[in-house]
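Working notes for the structure below.
We name chains A, B, ... by the order of the sequence lines, and we start the count at 1 in each one.
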There are 2 protein chains.
Amino acid sequence: MKKKAATGMHGDCGPKHLAIKDTMELLSGKWKIQIIGALMRNGTMRFMDLLREVDGIAAKMLSKELQELEINELVKRTVCDTKPITVEYEMTTYGRTLEKVIAELAHWGELHRKRIFKKSK
Amino acid sequence: MKKKAATGMHGDCGPKHLAIKDTMELLSGKWKIQIIGALMRNGTMRFMDLLREVDGIAAKMLSKELQELEINELVKRTVCDTKPITVEYEMTTYGRTLEKVIAELAHWGELHRKRIFKKSK
DNA sequence: CAGGATCCTTTACGATACTG
DNA sequence: CAGTATCGTAAAGGATCCTG
């Protein structure tokens with residue numbers, strides 16, 4: 001079964017709402033943002049490097065998430081012709097356009113933490 | 001069991017990453033953004049109004065999502081003393097600070113749709 | 001090394017019925 | 001009207017083993 005990029009083409013026409021949903025689905029889940037973050041900080045990384053840096057992730061998950069990111073052209077996958085082959089991943093320039101979005105998420109999140117912490121004492 | 005606002009205090013200190021996660025968790029799921037969108041567009045709405053406007057949502061879900069939004073101070077809940085009681089919901093001014101974040105999500109999502117559609121023909 | 005296959009657990013979500 | 005309770009399904013995520 002062929003996989004497709006995230007662009008939910010359901011008949012109903014909520015205009016902006018679908019675009020938001022696309023972005024959210026791309027970034028949702030337990031690992032996507034951590035993987036993107038690691039790649040943005042470190043540049044090119046091998047599968048193993050990611051497996052170590054992303055903390056608790058299992059190989060299966062990492063593999064699956066990277067495929068999604070690749071399909072959506074956020075990440076470039078390069079197979080290196082070494083003895084046991086290695087694979088390198090890096091953000092595409094397109095993928096880096098997410099930086100603004102993520103920065104906004106981080107900024108609001110920090111405000112929110114401050115606000116909620118203050119209330120709880 | 002008392003519910004708490006979304007501020008994942010796990011021991012590990014990924015600094016920005018936790019803030020991002022908070023924001024994502026708050027907006028994730030099938031309904032949150034649609035509910036927020038409806039309230040932002042329409043101002044004050046009763047439970048029933050939301051039930052109709054948010055399309056396929058079930059009362060249980062709507063109720064649960066609204067509670068989360070209320071706990072995080074994004075939405076204000078007001079019980080009206082009518083015959084069968086009614087309840088009104090509206091965005092708090094704090095909740096409206098999400099507008100920028102959501103706008104960013106929408107903007108990037110639209111770029112992404114154009115990009116992915118173009119490739120598929 | 002990079003990942004696919006299999007199996008299992010957990011969480012999200014949904015349908016229906018009921019109450020103040 | 002505005003929910004809560006109960007139950008059931010589907011999807012996300014995790015553990016382990018296997019292969020080129």
Side-chain angles (χ1 to χ4, degrees), chain A residues 1-4 6 8 10 21-22 24-36 38-39 42 44-72 75-90, chain B residues 1-4 6 8 10 12 21 24-36 38-39 42 44-72 75-90:
Chain A
M1 174 181 146
K2 275 196 67 177
K3 291 183 182 177
K4 292 192 53 183
H10 349 66
K21 209 181 153 201
D22 286 348
M24 286 299 294
E25 280 175 6
L26 224 75
L27 300 181
S28 282
K30 206 169 168 183
W31 304 112
K32 297 268 171 55
I33 300 223
Q34 290 188 67
I35 294 171
I36 292 173
L39 288 173
N42 302 327
T44 300
M45 298 180 78
R46 283 180 302 161
F47 190 86
M48 259 303 154
D49 298 334
L50 280 165
L51 209 51
R52 270 183 282 271
E53 176 129 352
V54 177
D55 190 41
I57 198 170
K60 172 194 167 184
M61 272 298 133
L62 180 55
S63 172
K64 206 197 69 180
E65 303 288 65
L66 284 170
Q67 283 174 31
E68 278 193 50
L69 295 176
E70 196 196 352
I71 288 173
N72 284 283
V75 161
K76 175 157 157 264
R77 178 176 180 274
T78 313
V79 179
C80 303
D81 197 0
T82 52
K83 311 301 164 51
I85 61 165
T86 57
V87 181
E88 289 182 347
Y89 292 91
E90 60 188 315
Chain B
M1 173 179 147
K2 274 197 67 177
K3 291 183 182 178
K4 293 192 50 182
H10 349 65
D12 74 286
K21 207 180 155 201
M24 285 300 293
E25 279 174 7
L26 223 74
L27 301 180
S28 281
K30 204 168 168 183
W31 304 112
K32 297 267 171 55
I33 300 224
Q34 289 188 67
I35 294 171
I36 292 174
L39 287 173
N42 301 326
T44 301
M45 297 180 77
R46 283 180 303 161
F47 190 86
M48 261 301 154
D49 298 335
L50 280 165
L51 208 51
R52 270 184 281 270
E53 177 129 351
V54 178
D55 190 42
I57 197 171
K60 173 193 167 184
M61 272 298 134
L62 180 55
S63 172
K64 206 198 69 181
E65 303 288 65
L66 284 169
Q67 283 175 31
E68 279 194 50
L69 295 176
E70 196 196 351
I71 287 172
N72 284 282
V75 161
K76 175 157 157 267
R77 177 176 181 274
T78 314
V79 179
C80 303
D81 196 0
T82 51
K83 311 303 164 50
I85 62 164
T86 57
V87 182
E88 289 182 347
Y89 293 90
E90 60 187 316

From CG of A:Leu50 over to C1' of C:dA2, roughly how many Å is that when rounded to an integer?
12 Å
Contact nearer the 5' end of DNA chain D, comparing A:Met61 with B:Asp49
B:Asp49
Distance-minimising heavy-atom pair for A:Leu62 and A:Phe47:
CD2-O, 3.7 Å
Ranking C:dG3, D:dG14, C:dA15 by distance to the side chain of A:Gln67, first place goes to C:dG3
N/O (side chain, A:Tyr89) to phosphate O (OP1/OP2, C:dC1) under 4.0 Å
no
Over how many whole Å does the gap from A:Lys83 atom NZ to C:dA2 atom C1' extend?
17 Å
Under 3.5 Å, is there a donor on one side chain and an acceptor on the other for B:Asp55 and B:Gln34?
no
To the nearest Å, how far apart are A:Arg46 CZ and C:dA2 C1'?
11 Å
Report the nucleotide, chosen from D:dG3, D:dG13, C:dG4, that has the shortest atom-to-atom distance to any side-chain atom of A:Lys64.
D:dG13
Which pair of non-hydrogen atoms, one from A:Ala38 and one from A:Leu50, has the smallest distance, and what is that distance?
CB-CD2, 4.0 Å
Identify which nucleotide among D:dA2, D:dG14, C:dA2 has an atom closest to any side-chain atom of B:Met48, counting heavy atoms from C-beta outward.
D:dA2
Whether B:Glu68 and B:Lys32 form a salt bridge (side-chain N of Lys/Arg under 4.0 Å from carboxylate O of Asp/Glu) is what I want to check.
yes
Considering every strand and a 4.0 Å limit on heavy-atom distances, what is the contact class for B:Lys60: base, sugar-phosphate, or nothing?
base
Nearest whole angstrom, please: distance from the P of D:dT4 to the CG of B:Leu66.
10 Å
N or O in side chain of A:Thr86 less than 4.0 angstrom from C:dA2 OP1/OP2
no
Give a yes/no answer on whether the side chain of A:Arg77 brings an N or O atom under 4.0 Å of OP1 or OP2 in C:dG3.
yes
Atom CZ of A:Phe47 to atom P of D:dG20: distance rounded to whole Å?
18 Å
Is A:Glu88 salt-bridged to A:Arg46, cutoff N-O under 4.0 Å?
no
Just checking B:Gly29: base, sugar-phosphate only, or nothing, at a heavy-atom cut-off of under 4.0 Å?
sugar-phosphate
Gap between atoms CG and P, on A:Leu62 and C:dA2 respectively (whole Å):
9 Å
Using whole Å, report how far CD of A:Glu25 lies from P of C:dA12.
16 Å
Can you measure A:Ile57 atom CD1 to D:dA12 atom P for me and round it to whole angstrom units?
15 Å
What nucleic acid atoms does B:Lys30 come within less than 4.0 Å of, heavy atoms only: base, sugar-phosphate, or nothing?
sugar-phosphate
With a 4.0 Å cutoff (strictly under), does any side-chain N or O of B:Thr82 reach OP1 or OP2 of D:dC1?
no
